[in-house]
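Inspection log for the structure reproduced underneath, given as structure tokens.
From a predicted model like this one, the values you see are computed outputs, not experimental measurements. Proteins get letters first, then strands, A, B, ... in listed order; numbering begins at 1 in each.
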Amino acid sequence: MPGEEELIQLRIEKLQRLQARGIDVYPARAARTHDAIGAKAAFERWEADGAQGDAPAASVAGRITAMRDMGKASFLDVTDGSGRIQCYVKKDIIGEEAYAGLADLDLGDFLSVTGPLFRTRTQEITVEARSYQVLAKALRPPPEKWHGVEDIEIRYRQRYLDLMANAEVRDIFRTRAAIVSAMRRHLDGRGFIEVETPVLQPEAGGAAATPFTTHHRALDQDFFLRISLELHLKRLIIGGYDRVYEIGRIFRNEGVSWKYNTEFTMLEMYEAYADYNDVARNVEEMVSSIAQQVLGTTTAQFEEHTIDLAPPWKRITMREALIEHAGIDFAEFRTREKLYEELHRRGFADLDPGWSWGKLIDEAVSHYVEPKLIQPTFLLDYPKEISPLAKSKPGEDGIVERFEFFIAGFEMGNAYSELNDPVDQRERFEAQRRLAAAGIEEVETLDEDFLIALEHGMPPTGGLGIGIDRLTMILTGQRSIREVILFPALRRKD
RNA sequence: GGGCCGCUAGCUCAAUUGGCAGAGCAGCUGACUCUUAAUCAGCCGGUUCUGGGUUCGACUCCCGGGCGGCUCACCA
């Protein structure tokens with residue numbers, strides 16, 4: 001019979017047969033004494049203790065992931081969150097009726113099996129079923145047992161099938177959770193407090209990106225989904241917390257690619273009385289500590305690269321890096337026009353004449369430098385025009401105390417000695433506004449409410465943002481950000 | 001948004017030059033009381049992403065549309 005509809009119909013008929021026998025196919029409670037791994041461990045302990053007396057018994061519960069029918073005995077594989085355990089159902093032991101009932105079970109159903117543990121001839125620890133209980137009937141067939149789900153569209157749209165079929169995928173998201181957990185431990189251990197700030201904001205600031213907009217009906221006012229966490233966290237520093245962080249989702253209404261997802265998770269942390277050098281030390285310690293806890297080592301394999309995350313990481317200024325990798329000393333091209341001309345001469349095709357000097361430098365760095373930064377590297381001292389929230393570097397005109405750090409050639413995070421001079425900050429916002437009028441750059445919007453906060457006084461502060469998705473990519477060796485986001489943004493399919 | 005590639009059974013994949021749309025897994029029937037990608041025999045299963053066109057004949061060629069991947073652009 002089976003097309004999809006027929007397969008579903010057959011399962012519904014089985015469900016109805018079970019119900020006709022008075023069986024609750026979706027019971028509220030499950031008999032369960034051990035998870036799969038725990039049951040095996042219990043049996044091994046009993047063996048290690050000399051196998052005295054009766055073997056331990058267990059109730060295990062999980063999804064039926066394989067059935068091997070031998071006629072008057074069957075083997076079922078039951079898989080739960082801990083792993084897989086085999087169950088042996090023998091007609092002589094379980095009885096005629098219960099054995100016949102196996103016919104109404106399907107791959108994908110949830111089942112609880114109860115009985116003593118034993119080792120089969122091939123030494124596999126197995127539950128010898130004395131009884132079983134249906135926990136939930138599945139109406140659709142699971143993915144194919146050997147190849148699993150390979151179709152990328154199914155994997156993303158129906159992630160549960162991907163997780164069901166592909167253990168490596170389950171591991172990636174466990175690792176992601178472990179990364180975030182280790183990150184919290186690191187920060188909590190250093191006296192940072194975790195806070196939550198608004199996702200819906202009247203101004204979306206803290207980054208140069210296009211926000212999503214929405215409308216609040218009761219307030220009859222438009223809101224933006226946040227594009228960074230920065231400005232609210234600084235308000236908390238102003239309020240008197242010395243160390244704050246937030247791990248939160250942010251949203252940018254821009255293109256998607258292997259390294260950009262529409263919504264992504266960022267850690268931002270702010271530390272009063274620290275500067276960007278202090279932040280850099282904290283970053284390398286935190287990331288290497290996370291790797292040690294999650295991977296058991298401070299090296300990570302990413303494509304063909306072995307990444308060494310142990311501190312200290314390389315530090316190089318943007319100017320030095322451009323000299324080293326491109327032979328351009330931007331000190332020799334101090335104006336926008338000269339730099340534009342030089343890059344144009346070098347074959348940059350898509351330069352916009354409206355771009356600022358800083359934006360042009362950024363462009364050159366993206367092209368010449370970033371792909372070379374395979375081992376963890378702090379790229380220091382950015383142009384002021386593209387860093388409106390960072391403090392100027394003393395003695396260096398047009399440069400601010402800012403770094404981005406790179407691993408495997410792409411950006412992981414961004415940090416500054418935060419600008420705390422409210423007059424300077426206002427001028428920076430105004431300069432952004434002028435840039436927006438002159439060119440096509442995405443710019444920071446002026447946030448008057450934030451400026452008022454700054455005018456109340458903010459201590460010298462070091463701040464940082466890290467893309468958690470990207471860090472997870474590095475630590476799990478994944479080439480696409482969609483492989484580390486459970487439900488990546490996809491176009492709706494109708 | 002541009003370019004390139006992909007879409008065939010529930011899943012994983014075939015299909016020669018344009019010539020009857022196939023296999024494995026899953027499912028169904030039967031055999032089998034220690035199997036584990038169980039095995040053996042038989043059977044069922046298709047809007048070939050979608051809408052047009054060319055042709056005696058289209059999974060295959062042409063045009064439009066959808067979704068996805070890669071890439072470029074955009075983007076901290």
Reckon R491(A) has a side-chain N or O less than 4.0 Å from the OP1 or OP2 of rC67(B)? yes
Using purine N1 to pyrimidine N3 plus N6-O4 or O6-N4 for Watson-Crick, or N1-O2 and O6-N3 for G-U wobble, both under 3.5 Å, which nucleotide pairs with rU54(B)? none
Any ion pair linking E246(A) and R226(A) (charged N to carboxylate O, less than 4.0 Å)? yes
Between rC34(B) (C1') and Q123(A) (CD): distance, integer Å: 11 Å
Whole angstrom is fine here: how far is it from CG in D106(A) over to C1' in rA26(B)? 10 Å
Is the shortest heavy-atom distance from the side chain of Y270(A) to the side chain of M458(A) under 4.5 Å? no
Here the distance between atom C1' of rC11(B) and atom CD1 of I152(A), to the nearest Å, is 16 Å
Please measure how far the P atom in rC25(B) lies from the corresponding atom in rG65(B), and state the result in whole Å. 41 Å
Candidates rG10(B), rC28(B), rC67(B) - which lies nearest the side chain of R157(A): rC67(B)
What nucleic acid atoms does I154(A) come within less than 4.0 Å of, heavy atoms only: base, sugar-phosphate, or nothing? sugar-phosphate
With rounding to whole Å, what would you report as the distance between rG24(B) and rC44(B) at their C1' atoms? 16 Å
Non-hydrogen side-chain atoms of R21(A) and D104(A) separated by less than 4.5 Å: yes
Could you check which residues of residues 477-490 of chain A get a heavy atom under 4.0 Å from RNA chain B? Sort them by number, please. R482(A), L490(A)
C1' atoms of rA14(B) and rG3(B), separation to the nearest Å: 29 Å
Is the shortest side-chain N/O distance from R68(A) to OP1 or OP2 of rU35(B) below 4.0 Å? no
Check: V244(A) and I237(A) side chains under 4.5 Å, non-hydrogen atoms: yes
Closest to the side chain of L10(A), out of rA37(B), rG68(B), rC28(B), is rC28(B)
Could you give the CG-to-P distance, from D151(A) to rA9(B), as a whole number of Å? 11 Å
When all nucleic acid strands are considered with a 4.0 Å heavy-atom cut-off, which category describes K14(A): base, sugar-phosphate, or nothing? sugar-phosphate
Going by purine N1 to pyrimidine N3 plus the second Watson-Crick contact, or the G-U wobble pair, all under 3.5 Å, which nucleotide sits opposite rA41(B)? rU29(B)
Answer yes if the ring centres of F403(A) and W313(A) are under 6.0 angstrom apart, and no otherwise. no
Just to be sure I understand the rule, does G413(A) reach a base, reach only the sugar-phosphate, or reach nothing, if contact means heavy atoms closer than 4.0 Å? nothing
Using a 4.0 Å heavy-atom cut-off across all strands, classify R140(A) as base, sugar-phosphate, or nothing. nothing
Is the cationic atom of R470(A) (NZ for Lys, CZ for Arg) positioned less than 6.0 Å from the six-membered ring centroid of Y260(A) and within 45 degrees of its normal? yes
Any chance you could measure Q16(A), atom CD, to I12(A), atom CD1, to the nearest 0.5 Å? 7.0 Å
Could you tell me how far apart N166(A) (CG) and rC11(B) (P) are, to the nearest whole angstrom? 14 Å
Using the C1' atom as the point on both nucleotides, what is the distance between rU48(B) and rC43(B), in whole Å? 23 Å
Check whether the side chain of Y260(A) and the base of rC75(B) form a donor-acceptor pair under 3.5 Å. yes
From rC34(B), rC28(B), rU33(B), nucleotide with atom closest to F118(A) side chain: rC34(B)
Should the side chain of Q86(A) and the base of rU35(B) be counted as holding a donor-acceptor pair, with the cut-off at 3.5 Å? yes
Within this structure, what is the CD1-to-P distance between I12(A) and rG10(B), rounded to whole angstrom? 16 Å
For rC20(B), the nucleotide meeting Watson-Crick or G-U wobble distances (both under 3.5 Å) is none
Note: D447(A)-R235(A) ion pair, threshold 4.0 Å (strictly below): yes
Counting only Watson-Crick or G-U wobble pairs whose two distances fall under 3.5 Å, which nucleotide matches rA15(B)? none
Describe the nucleic acid contact of D362(A) in one word from base, sugar-phosphate, nothing, applying a heavy-atom distance below 4.0 Å. nothing
Do the side-chain N or O atoms of K90(A) get closer than 4.0 angstrom to the phosphate oxygens (OP1, OP2) of rC34(B)? no
Considering only heavy side-chain atoms of Y88(A), the closest of rG68(B), rC34(B), rA26(B) is rC34(B)
Answer with base, sugar-phosphate or nothing: what part of the nucleic acid does E144(A) contact at a heavy-atom distance below 4.0 Å? base
Interatomic distance at C1', rG53(B) relative to rG18(B), whole Å: 15 Å
Which value, in whole Å, describes the distance between the P atoms of nucleotides rU60(B) and rG6(B)? 13 Å
Whole-Å distance between rA38(B) P and W146(A) CH2? 9 Å
Would you please confirm or rule out a distance under 4.0 Å between OP1 or OP2 of rC74(B) and any side-chain N or O of K359(A)? no
Give a yes/no on whether any side-chain N or O of R492(A) is located under 4.0 angstrom from OP1 or OP2 of rC67(B). no
At 4.0 Å (heavy atoms only), tell me whether A209(A) reaches a base, stays on the sugar-phosphate, or touches nothing. sugar-phosphate
Using a strict threshold of under 4.0 Å (side-chain N to carboxylate O), is an ion pair present between E324(A) and K372(A)? no
Return the value, rounded to whole Å, for the distance between atom CG of L7(A) and atom P of rG45(B). 12 Å
Assess whether a salt bridge exists between R155(A) and E483(A), defined as any Lys/Arg side-chain N lying under 4.0 Å from an Asp/Glu carboxylate O. yes
Looking at every strand, decide which applies to D92(A) at a 4.0 Å heavy-atom threshold: base, sugar-phosphate, or nothing. base
In the strands shown, is rU35(B) matched to any nucleotide by a Watson-Crick or G-U wobble pair with both distances under 3.5 Å, and which? none
Whole-Å C1' distance, rA15(B) and rG30(B): 32 Å
Assuming nearest nucleotide by heavy-atom distance, tell me which of A66(A) and M70(A) is located more 5' along RNA chain B. M70(A)
Could you work out which one of rU12(B), rG27(B), rU35(B) sits closest to the side chain of R121(A)? rU35(B)
Could you let me know what rU8(B) is paired to, Watson-Crick or G-U wobble, both distances under 3.5 Å, or none if it's on its own? none
Starting at the 5' end of RNA chain B and moving along, which residue's nearest nucleotide shows up first, E411(A) or V256(A)? V256(A)
Whether the Y160(A) and Q158(A) side chains hold a donor-acceptor pair (N or O, under 3.5 Å, no angle test) is what I'd like checked. yes
Calculate, to the nearest 0.5 Å, the distance between atoms CG and NZ belonging to L111(A) and K137(A) respectively. 10.0 Å
Distance between C1' atoms of rC20(B) and rG57(B) (Å, rounded): 11 Å
Please pick, from rU35(B), rA38(B), rG10(B), the nucleotide with the shortest atom-to-atom distance to any side-chain atom of E4(A). rG10(B)
